[in-house]
Structures are given as structure tokens and as C-alpha cells.
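Basis for what follows: all heavy atoms, side chains included, without hydrogens, waters or symmetry-related copies. Computed from a predicted structure; not experimentally measured. Index from 1, following the sequence.
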Amino acid sequence: MTTVIPVGLITISDRAAAGDYEDLGGPALHEACRENGWEVIAEAVIPDDLEKIQRTVLAFSTQGCGLILTTGGTGIALRDVTPEAIRAIMRVEIPGFGETMRMRSLEITPNAILSRSLAAIVERSLVIALPGKPSGAVECLSFVKAAIPHTVKLAMGVPPSC
């Protein structure tokens, strides 16, 4: 029996938060979650602001999101602060997720080397910071999706089965 993973989606974009740009990343990830049988229970579009990112991640964790996916803010532009925001509130980082996403993405684009995508445990949630480009976010999620159910169980404190 599989347990449905409760998911929170956070689009991090100054332009999308201001209404100047249509959020495409959140809907693309919502569809990917649906295809994986995961239930999206919370969604937000917020600006590239360290404190707002932290507050939203913590709020979604408190709401019971076992998996929190962010899209945006993982590059090297001045306003890209998603990794810093997550690292400041995480319990532990899981380097294999970011390494896998970058290595697999390098097969698609040489610019993947600029990505600072990561995964971490914040409170009792697995948080994965994905690229802002919708196709990149969905691709990166697909590269690590097999490890997500077990990681979420561990993060939420479910004892591993023998």
C-alpha cells in the first residue's frame, strides 16, 4: 500500500508575484505531482525574498506537507536566494539530490552547471529547490522522484520497514 504524499508548491519569482508574468512553473509541477499520485495541498507564488521563502516553507511544513517543491531562485542572479533561505532553516542537507539533478541536467544543457538546486529536511518535510524554468523543474524532479517517497517517510518520522 502506498501513501499519498502531501505536497506544497512554491513559485519564487518577483515578476510572477507582482502579476507581471504568468506563473508557469507551479502549474507544471502541479501536473507532475498529479502524474506521480501526490496530492498538492498548498500553493503559493512569492517574490525572491529570503524571509518570505523561509516563512512559506515553514508554514507549509506546519500544514503537513511532507514534500515541498520550490521553483525559482536557484541560479546566480542577484535576487536568487532560494538556497540561502532553505539552508538557514534546514536540519540537514541531502547533497545527492542536487548532485543528481545537476549531472543529469548537464546532459540537456551546459548551463545546468550554474544551478544551485538542492534538497534538505526542514522540520518534518523534504524540501527540493528546483530551477525556475518549468521544463527544467519537471525534468529535475523526474531525476530524483524515485527517492522521494522513502525520504518523505524518513523526514516525517515514519519508521523504515524491514
Check whether Val57 and Leu29 end up in the same hydrophobic cluster, where Ile, Leu, Val, Met, Phe, Trp and Tyr are linked by side-chain heavy atoms less than 4.5 Å apart. no
Applying the 4.5 Å side-chain criterion to the ILVMFWY set and letting contacts propagate, would Leu130 and Val45 be lumped into a single cluster? no
Between [X] (side chain) and [Y] (backbone), is there a donor-acceptor pair under 3.5 Å?
X	Y	answer
Arg124	Ala155	no
Asp14	Pro47	no
Asn36	Trp38	no

Suppose clustering is done on Ile, Leu, Val, Met, Phe, Trp and Tyr with side-chain heavy atoms closer than 4.5 Å. Which residues sit in the same group as Leu24? Tyr21
With the side chain counted from C-beta on, respond yes when Ile12 and Lys52 share a heavy-atom pair under 4.5 Å apart, and no when they do not. no
How about Leu9 and His30: do any of their side-chain heavy atoms sit closer than 4.5 Å? yes
Give every donor-acceptor pair under 3.5 Å between a side-chain atom in residues 132-144 and any protein atom, sequence neighbours left out.
residue, atom, partner, partner atom, Å
Ser142, OG, Glu139, O, 2.6

For Glu39, what residues pass the side chain to side chain donor-acceptor pair (under 3.5 Å) criterion, not counting sequence neighbours? none
Which pairs of donor and acceptor atoms, one on a side chain in residues 58-72, lie under 3.5 Å apart (sequence neighbours left out)?
residue, atom, partner, partner atom, Å
Ser61, OG, Glu123, OE1, 3.3
Ser61, OG, Ser125, OG, 2.9
Thr62, OG1, Leu58, O, 3.0
Thr71, OG1, Pro131, O, 2.6

Result block: side-chain N/O donor-acceptor pairs under 3.5 angstrom for residues 108-118, not counting sequence neighbours:
residue, atom, partner, partner atom, Å
Thr109, OG1, Asn111, N, 3.2
Ser115, OG, Ser117, N, 3.1
Ser115, OG, Ser117, OG, 2.9
Arg116, NE, Gly75, O, 2.8
Arg116, NH1, Glu84, OE1, 3.4
Arg116, NH1, Glu84, OE2, 2.5
Arg116, NH2, Gly75, O, 3.2
Arg116, NH2, Asp80, O, 2.9
Arg116, NH2, Glu84, OE1, 3.3
Ser117, OG, Ala129, O, 3.3

Here the salt bridge (charged side-chain N to carboxylate O under 4.0 Å, His left out) pairs for residues 90-100, sequence neighbours left out, are Arg87-Glu93
